[in-house]
Amino acid sequence: MAKVTLGGIEVEIDEDGFIQEPDKWNKEVAEDLAKVEQAYPMGEDHWKLVNYLRDYYLKYEIAPPIRMLVKQTGLDLKTIYQLFPGGPAKGACKVAGLPKPTGCV
Amino acid sequence: MAKVTLGGIEVEIDEDGFIQEPDKWNKEVAEDLAKVEQAYPMGEDHWKLVNYLRDYYLKYEIAPPIRMLVKQTGLDLKTIYQLFPGGPAKGACKVAGLPKPTGCV
Amino acid sequence: MADETPLLDELEKGPWPSYVKEIKRAAKKNKASKDLLGIQELSYKDRITHWKHGGIVGVTGYGSGVIGRYCDSPEKFPDAAAFHTFRVNHPAGWFYSTKALRKICDIWEKYGSGMTNFHGSTGDIILLGAPTENLQPCFDTLTENGFDLGGSGSALRTISGCVGKARCEWANIDTLDIVRDFTSEFQDEIHRPRWPYKFKIKASGCPNDCVAAIARADFTIIGTWKDTLRIDQAAVKNYAENGFDVKGLVVDKCPTDALEWDEKTKTLTLRAEDCVRCMHCINKMTKAIRPGVDTGATILIGSKAPIIKGAYLSWVLIPFIKIEPPYNEIKELLRKIWDWWDENGRTRERLAELIERKGFKTFLREMGIPPVPQMIYKPRANPYVFF
Amino acid sequence: MADETPLLDELEKGPWPSYVKEIKRAAKKNKASKDLLGIQELSYKDRITHWKHGGIVGVTGYGSGVIGRYCDSPEKFPDAAAFHTFRVNHPAGWFYSTKALRKICDIWEKYGSGMTNFHGSTGDIILLGAPTENLQPCFDTLTENGFDLGGSGSALRTISGCVGKARCEWANIDTLDIVRDFTSEFQDEIHRPRWPYKFKIKASGCPNDCVAAIARADFTIIGTWKDTLRIDQAAVKNYAENGFDVKGLVVDKCPTDALEWDEKTKTLTLRAEDCVRCMHCINKMTKAIRPGVDTGATILIGSKAPIIKGAYLSWVLIPFIKIEPPYNEIKELLRKIWDWWDENGRTRERLAELIERKGFKTFLREMGIPPVPQMIYKPRANPYVFF
Amino acid sequence: MGRTDIGPPDYREMLPDVIKKNYGKWKYHETPRPGVLRHVSETGDEIYTVRVGSPRLVSIDFVRDLCDIADKYCDGHLRFTSRFNVEFITDSKAKADGVIAEVNKLGLPVGGTGNSISNIVHTQGWIHCHSAATDASGLVKSVMDELYDYFTNMKLPAYVRIAVACCINMCGAIHCSDLAIVGVHRRPPKVDNEKIIAQCEIPTTIQSCPTGAIRRHPDPNVKSVIVREDLCMYCANCFTVCPAMPLADPVGDGVAIYVGGKVSNARKPPMFSRMVVPFLPNNPPRWPEVVDVIKKIVEVYADNARKYERMGEWIERIGWEKFFKLTEIPFTEQHIDDFTHAIETYRTTTQFKW
Amino acid sequence: MGRTDIGPPDYREMLPDVIKKNYGKWKYHETPRPGVLRHVSETGDEIYTVRVGSPRLVSIDFVRDLCDIADKYCDGHLRFTSRFNVEFITDSKAKADGVIAEVNKLGLPVGGTGNSISNIVHTQGWIHCHSAATDASGLVKSVMDELYDYFTNMKLPAYVRIAVACCINMCGAIHCSDLAIVGVHRRPPKVDNEKIIAQCEIPTTIQSCPTGAIRRHPDPNVKSVIVREDLCMYCANCFTVCPAMPLADPVGDGVAIYVGGKVSNARKPPMFSRMVVPFLPNNPPRWPEVVDVIKKIVEVYADNARKYERMGEWIERIGWEKFFKLTEIPFTEQHIDDFTHAIETYRTTTQFKW
Ligand code: SRM
Ligand code: SRM
Ligand code: SRM
Ligand code: SRM
Ligand code: SF4
Ligand code: SF4
Ligand code: SF4
Ligand code: SF4
Ligand code: SF4
Ligand code: SF4
Ligand code: SF4
Ligand code: SF4
């Protein structure tokens, strides 16, 4: 798998650009990923989403269901797609450094 | 329910003679119960059975299945009925101070 | 004790024989029965049972055969305060000499309430209501007179079979002898509970299943035949000529369309390979059609009432087996089943539930029985296959 | 890249049209298709797939419509290393003008491998194999030309319906318009996954169910009628006179015995209350029997493939409902269902599985639909009733 | 101590001579009149069986009455059937007529053969069982009084077999009866925290619940359990293993009615009975609501079924939706299964009647 | 950024004029020859539809070929069916004949109507799917080459609908097909402890297993899972949610065959297909073992079923035991269900054939 430089450090990513070394994720990595996902510069709502995803994942080891995401962040799906044109799964989860979603989100 | 004196102390029993105050059970109570159950005097094998039942019950909160009882005590069912003519449920469990069996044993 | 039973009195009216009359009849001679009447009247008033849970009483050397029962209002009904029942095992087929019956009546007059069930739904004579102190002497007298107890608790239960060869032309197996022989063989299993739960065996002589063996026996033996049913064409013609609608009432109702009717010659032809031995044509043309002569049984397993996982009907384990004394093959199979069940079953888990939990396949392997399509209505639809 | 494909070459032989020929045809003009051929040959040799798991790619603003796919040997097959597919939504009924079709071909010639499925089994046009960088431009060109993507992921999937009123005399509802209307209405639900899992809607014009809606749609709409089917007795007579065995092939095969045949007068009588609208008699006597005129649909729910709890067929939710534009009642019902499912469903739990887990009764209550016997084959046999 | 493990008497000692002689040799039978069977043997012998209704719950004097008749006409033998009827077997029609006259004198009905309603298989009820949600004998008496004529004639389309069980333990083959009356609870168990420790095994109690409604008491100091009432469907299995969890309740308890089961393999395979009335109140001594429904169902069946078509076969042919229509029994959400195999009962087709 | 959410083209723009005019007015149809339908309208108009087999997986040039024919004979329109066939709709018999001539020139078969074997519903297989336990297109080609004549004539007793799915996700209506060929694994997943943490959600992975075979890795330092292989039935649901659990295996993978499903409500309600062959090896390019079994089943069916009797209806009538006898397919323990509703498939009757 490819290695790329994100946030100044070298990180392994898969073909879809999801990072393969979850421990290396940080704010800067996120911002560089956001560039790829047309979600840069990241505003408050971007971070709200990304942080929520990340916290949820760290707590439960899974990505939250969309319904939960919408309810908890107060951002509706339309807005989420505006913030992350790739959508919650391809866009926001990638930026949040989560494993590539297979089901929910 | 009736109170009777068993092993020198007053214990509540039900119609079938099962003690209703499990905390009061002791060796002497057991021996007096054994008298009712034609299992007196209690020999080594009587105690083996009673102790096994009691330990099992204290550990698992249930009476052991017959198969287990036979396997673990090394006493076959015929012998058990010789020791306790009322059988493992009515006889041995009563002496061991267990709740009245509804299923196993 | 109750002298006034206005509610129960209502049940003395009407054409069907009245059990209330019967209790009153017993109550005349017996105080316990009098109290029974009072308890029943009270239940009718309160719309609730007045019997307490459980009761564990018995006779020396047995773990089963007596159902303990205490009234919840002993102060009101002292004579039925302890009102235990005996399950007395019946002679196969429920045949009795009046001598034997009278003997039971006499014993029960002496030790019990004088009320009985002929029979309980497992097949025992139920002697209804004795005080604790009478249990042992009553039992001793029973055995002296040739009777013994049936099963209760986690034991083998009283085995029963249909009237069979004693009075039925369709018995493919000797149900009465099976019941007798197995009952003697398994006395220990009947009297001394040892398993995770109860186990029942029933045998019917043909697929009409007059003891409902397929619905209420963990081990179900149903007589059948392997060759072709026998048709007496002259007798068939007779039926037709006497106005019996052979086509409409028999041929058209054959579940597999195995019969053909020639209206002109009034002959009935069977496509033998299509007959599933349902008995219908035989049942309706008793003088013309009979089972085959290569007889034996289908063994089915698992039926039971709803507790816990829902009701089960027995299903085919062995499509066909010869059933002849000393029945060793069947007995071995039973022992193998009990062993496996006892080893693997949870408390209060009937055989069918265990098989369902472990997989029928596992069971077959353990029993060394090869799978055949006769065991199932249809193969699996799901793709969740273990290899 | 593979020049030698001895295994696949075998599949150019034989009378049925060969997909291998098709890949070779595309491979002549397109490198990705050439690599596809190589990958397929390698799979035939290795007896294993050479596609890697998953892939999450897409187009801006959509969460679905593209299936990401990467080859596990990109070094050997660089031109098919990334080989994503588009699911392009089809016009209802899979009708096309050649103009529209040619347009798609041209777009796909430019951006993709030149290989397609007409159609995928949900009903999309599958454009098979584009590299990541072509996804967005290809999509933009598709929409410019009036096409849009279908569903994938945990979204509403491409809706499909049978040919219906366009070419079938039995359509009781306008399946094509339903597909069109619902597809427009639910664009957001199709393109932006939001639920616990996928959701499918299919509509057939009559119980023949030519899109298998009852087997593979969470929400199944099947046209039917409430009055009586129409019989043209003259036409019936015609069939009989032309040697068609009305009795044997139609009357006897009616599942409810609702038809009667008078051989003498050659008339066919219907006991209307017994007809369950199975279509058989209509199917076989197209010129003589037709559905009724009080038409509408039966709504069924729940069908799906085996993952996880086993396959389901849809079952009756609403026995009969009028289906007319703007279909508000159905749309409201759908939204209510989605809401409940979304609120209660676990990840990857299809509607039927959720209903099974929560109880159909609970579902009915939530939907405000009264229970009717048409919903079930038979009432419960177990006594485990909640009150 | 007396003898043990002797088993019941050998049936061979209990058979009348004519049966011993013709054992296994019967050739055919006919039913000359309701309640009487004539079996003919290959040997040429014939016997007449008179079947007589019994309340099952009887006094010993009742049994002695039977013995008197058997002594007089039946060589001192008699038998009981698998449905609690009494059978007098004689070797001539004349003796059979004698039996009939005598039993009629005792007020006992002759019948239960062929396409009749035979005796009701039933259980203990308030007469002897702690589990009972209703009485059995009283229900039987009330129903049979109403259906009496169906016992003594054979005018029904086919066998109708009724069973009564006083709780869902369903002692008897009640789950496969043409008509089944079952006692049911409708209130969750009330846990007696005092008694439970002395009388129950907690793990067994918890495990007994089919729906997992029973949990350990949240307070570890309280050695008891709690019941999640929303998960309880009142099966009483917990009560069976634990006396400290009674469910019986004068208002909550009553009766459910199931129909369409069968046991025999004739024509259609055996079938389960299915619920048609979820609940009727206990209304002793005569349970009029129950009797009315049973009667109605029998009458609708008698009017509509084809000859030799059992209740369940008839319903399968016409469809349950039609059954509810014809019997005018309201369909409720309780009819819809929600237990383990519920999904198999849902109608996965557009085929139905209105 | 281009337009979004426009949806597909309106079907009304895609209909030929004759259909627009007669939309909803069709009166009846007939099938003058295999592959050709004649629909007659209330208006008196008539159309001829020519149904043409397609491999489904086609090049754009194939589509262009079709367009050429449609331009010439069909007013510039055509459609596809729900089983991937192509339909050319024309307003005269002559034009229909023209279409037939042209498609035959292209090597495409005309057929798939009425009591034929229509095109096989199938899926991606090794052409595009990561889940595939077998190929789809190759199987279809191999089977259809063998059954070709059944496509072009209508001599079968009834419709025979075949489906192929390359794994038990069963994309398509394969679970309700007269004949279904399904790719299956026979090896448990091999957990890749390295990748799992980056690629999978552990809880989702554990929850995905229908048999509960997946547990957390016993060593809490290893963020991974283990598989209890005795509980695994190779469904690959874990792999679907977790790429780090591959099951594909050249020897373990192969094909199972299911039969007797149907979808239509005609006569019998819809039915599931049922397993008749648990496993056949993947033997590309032509899967001879699979083709042989399929052919055998079709032939036995053709010889034995009654007219208008679908595969499942036929089997239901004769019984599965007879099916296995006639087809000479060995019966194994895998045929016996052991999943959730297994018990409902057991034969609870003495009725069976030898
Ligand atoms: C392309 C298509 C097969 C085809 O060649 O026709 C397809 C392909 C896939 N299906 Fe499917 N399914 C396709 C129609 C179906 C259908 C048929 C239908 O929709 O009518 C079904 C059965 C109906 C149903 O939904 O239950 C179907 C049931 C599944 C399932 C099992 C779902 C279940 O609940 O049991 C999965 C597994 C999953 O969702 O993870 C699945 C998953 C998949 C995935 C996405 C693989 C995966 O595990 O993620 C496949 C992608 C293959 C690829 O790389 O191209 N596919 N899938 C069909 C979609 C084409 C289209 O849009 O027109
Ligand atoms: C005496 C008894 C056997 C016993 O060992 O006690 C018996 C005896 C006969 N049965 Fe039975 N059956 C007896 C209980 C049963 C049962 C069990 C039950 O009722 O719980 C069944 C299964 C019922 C069910 O399916 O729910 C039963 C299903 C049959 C059938 C099949 C009826 C059907 O069409 O479904 C026949 C055949 C027939 O009569 O056509 C039959 C036939 C017969 C015959 C004709 C057999 C014979 O040739 O002698 C006997 C007289 C029948 C009659 O009553 O007209 N017997 N028979 C039982 C009498 C019970 C009673 O007092 O009413
Ligand atoms: C006496 C009898 C009813 C009757 O009046 O005929 C009876 C009475 C009781 N049955 Fe039964 N069963 C009786 C035949 C049956 C039958 C019928 C049969 O054996 O053919 C069944 C259905 C078949 C079966 O075994 O599944 C039956 C299924 C049950 C069950 C449910 C078992 C299940 O697996 O679903 C229970 C509950 C239990 O075992 O805890 C039960 C429990 C009981 C208990 C012991 C009550 C209890 O919860 O402990 C009843 C004692 C009543 C009393 O105080 O006298 N009884 N019980 C029957 C035994 C008489 C005899 O020996 O002849
Ligand atoms: C074109 C198509 C609809 C579409 O929108 O694409 C279609 C068209 C017709 N179907 Fe169909 N059916 C079509 C797929 C189906 C399917 C779905 C499937 O195959 O996956 C079914 C359900 C199959 C099943 O049960 O498994 C289906 C079950 C029927 C039936 C019921 C057959 C039966 O007896 O079970 C009929 C009635 C008949 O032919 O007797 C029918 C009848 C018809 C009629 C006669 C309707 C009409 O009056 O126009 C059409 C021509 C039938 C023919 O082929 O002889 N159609 N039909 C589909 C053609 C598929 C193909 O290319 O082969
Ligand atoms: S089961 Fe068969 S053999 Fe036994 S009595 Fe009934 S009809 Fe006769
Ligand atoms: S026994 Fe049953 S299956 Fe056999 S021919 Fe007679 S009616 Fe048909
Ligand atoms: S489902 Fe019915 S209406 Fe639709 S095409 Fe098929 S036969 Fe015609
Ligand atoms: S549509 Fe079906 S059910 Fe109705 S009459 Fe015709 S064949 Fe019978
Ligand atoms: S059915 Fe229930 S209440 Fe009646 S006797 Fe059996 S266990 Fe007791
Ligand atoms: S009555 Fe049944 S469901 Fe209710 S708590 Fe007791 S065991 Fe559980
Ligand atoms: S059936 Fe399985 S392998 Fe085939 S396309 Fe669908 S998911 Fe992929
Ligand atoms: S393949 Fe299926 S059964 Fe096996 S571990 Fe994975 S999810 Fe579980």
Side-chain angles (χ1 to χ4, degrees), chain D residues 7 10-11 14-17 19 22 25-26 43-44 47-49 51 53 60-61 89 91-98 101-102 105 108-109 114 117-118 121 140 143 146 148 165-166 169 176 183-184 187 207-209 211-212 214-216 253 255 278-280 286-287 305-308 311 313, chain F residues 1-9 11 14-15 19 23-24 26-29 55-64 67 70-71 76-77 79-80 82 108 121 126 130 132 137-138 141 144-145 148 168-173 175-176 210 237 243 248 250 263-267 270 282 284-285:
Chain D
L7 292 168
E10 286 300 311
L11 292 175
W16 189 253
Y19 78 98
E22 291 299 322
R25 212 167 158 188
S43 281
Y44 272 50
R47 304 180 179 202
I48 203 160
T49 185
W51 299 107
H53 188 290
T60 295
N89 207 337
W94 301 289
F95 278 96
Y96 296 91
S97 65
T98 53
L101 270 184
R102 288 187 200 274
C105 294
W108 198 233
E109 179 142 28
N117 288 142
F118 272 92
S121 55
D140 292 341
T143 49
D148 197 349
K165 287 181 189 287
E169 66 267 35
L176 301 195
T183 302
S184 324
Q187 282 292 299
N208 281 330
D209 195 3
V211 288
I214 205 167
R216 46 185 198 139
K253 288 184 188 279
C278 84
M279 293 294 297
H280 177 73
T286 56
K287 295 183 192 167
I307 298 297
I308 295 187
L313 281 157
Chain F
M1 200 175 109
R3 297 189 292 168
T4 60
D5 298 305
I6 58 168
Y11 69 95
M14 299 292 165
L15 300 178
I19 283 192
Y23 195 88
W26 300 107
K27 200 169 158 202
Y28 69 87
H29 79 276
R56 189 181 87 131
L57 174 54
V58 296
S59 68
I60 46 179
D61 287 335
F62 178 93
V63 179
R64 286 168 175 148
C67 289
D71 283 341
H77 292 85
R79 79 177 287 268
F80 296 84
S82 60
L108 303 178
V121 164
W126 293 332
H130 61 223
S137 315
K141 168 75 174 144
M144 285 308 284
D145 276 345
Y148 187 83
I168 66 156
N169 283 339
M170 294 200 189
C171 303
H175 55 289
C176 296
N237 198 40
V263 161
S264 84
N265 292 278
R267 301 168 308 282
N282 271 330

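Throughout, protein chains are lettered first and strands after them, A, B, ... in sequence-line order, and every chain is numbered starting at 1.
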Under a 4.5 Å heavy-atom cutoff, which of [options] has the most pairs with chain F?
{"options": "D:Ser184, D:Ala212, D:Ala26", "value": "D:Ala212"}
{"options": "D:Ala215, D:Cys105, D:Pro306", "value": "D:Cys105"}
{"options": "D:Arg25, D:Lys253, D:Met279", "value": "D:Arg25"}
{"options": "D:Phe95, D:Trp16, D:Trp94", "value": "D:Trp16"}

Answer with side chain, backbone, both or neither: which region of [X] has an atom nearer than 4.5 Å to a non-hydrogen atom of chain D?
{"X": "F:His29", "result": "both"}
{"X": "F:Cys176", "result": "side chain"}
{"X": "F:Tyr23", "result": "both"}

Top residue by heavy-atom pair count (under 4.5 Å) with chain D, among [options]?
{"options": "F:Gly138, F:Ala248, F:Cys171", "value": "F:Gly138"}
{"options": "F:Asn282, F:Ile19, F:Asn265", "value": "F:Asn265"}
{"options": "F:Lys27, F:Arg56, F:Met144, F:Met170", "value": "F:Arg56"}
{"options": "F:Ser264, F:Pro243, F:Ala266", "value": "F:Pro243"}
{"options": "F:Tyr28, F:Trp26, F:Trp126", "value": "F:Trp126"}
{"options": "F:Asn169, F:Val263, F:Leu15, F:Leu57", "value": "F:Leu57"}

Handout entry: For D:Glu22 against F:Ser59, the heavy-atom pair lying closest together
Key =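 Where D:Glu22 meets F:Ser59 most closely, the heavy atoms are OE1-OG, 2.7 Å.
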
Problem - Minimum heavy-atom distance between F:His130 and D:Thr49, given as atom pair plus value - result: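 The pair with the smallest heavy-atom distance is O-CG2, 3.6 Å.
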
Handout entry: D:Thr183 versus chain F, the contacting section by heavy-atom distance below 4.5 Å
Key = side chain

Handout entry: Per-residue contact mode, D:Ile214 against chain F (heavy atom under 4.5 angstrom)
Key = side chain

Nearest 0.5 angstrom please: [X] [atom1] to [Y] [atom2], how far?
{"X": "F:Arg79", "Y": "D:Tyr96", "atom1": "CZ", "atom2": "OH", "value": "10.0 Å"}
{"X": "F:Ser137", "Y": "D:Asn117", "atom1": "OG", "atom2": "CG", "value": "7.5 Å"}
{"X": "F:Ile6", "Y": "D:Asp148", "atom1": "CD1", "atom2": "CG", "value": "5.0 Å"}
{"X": "D:Thr98", "Y": "F:Arg64", "atom1": "OG1", "atom2": "CZ", "value": "12.5 Å"}

Practice task
Using atom types as modelled and distance alone, determine if a side-chain donor or acceptor of D:Thr143 lies under 3.5 Å from a backbone N or O of F:Thr4.
Solution key: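 No: the side chain of D:Thr143 does not pair with the backbone of F:Thr4.
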
Exercise for the section: Might you work through the side-chain contact (heavy atoms from CB on, under 4.5 Å) test for D:Leu176 and F:Met14, ending with a clear yes or no? Expected result: CA-CA 11 Å; D:Leu176 301 195; F:Met14 299 292 165; over 6 Å; no

Handout entry: Whether F:Phe80 and D:Phe118 hold their rings parallel, tilted or perpendicular, with breakpoints at 30° and 60°
Key = parallel

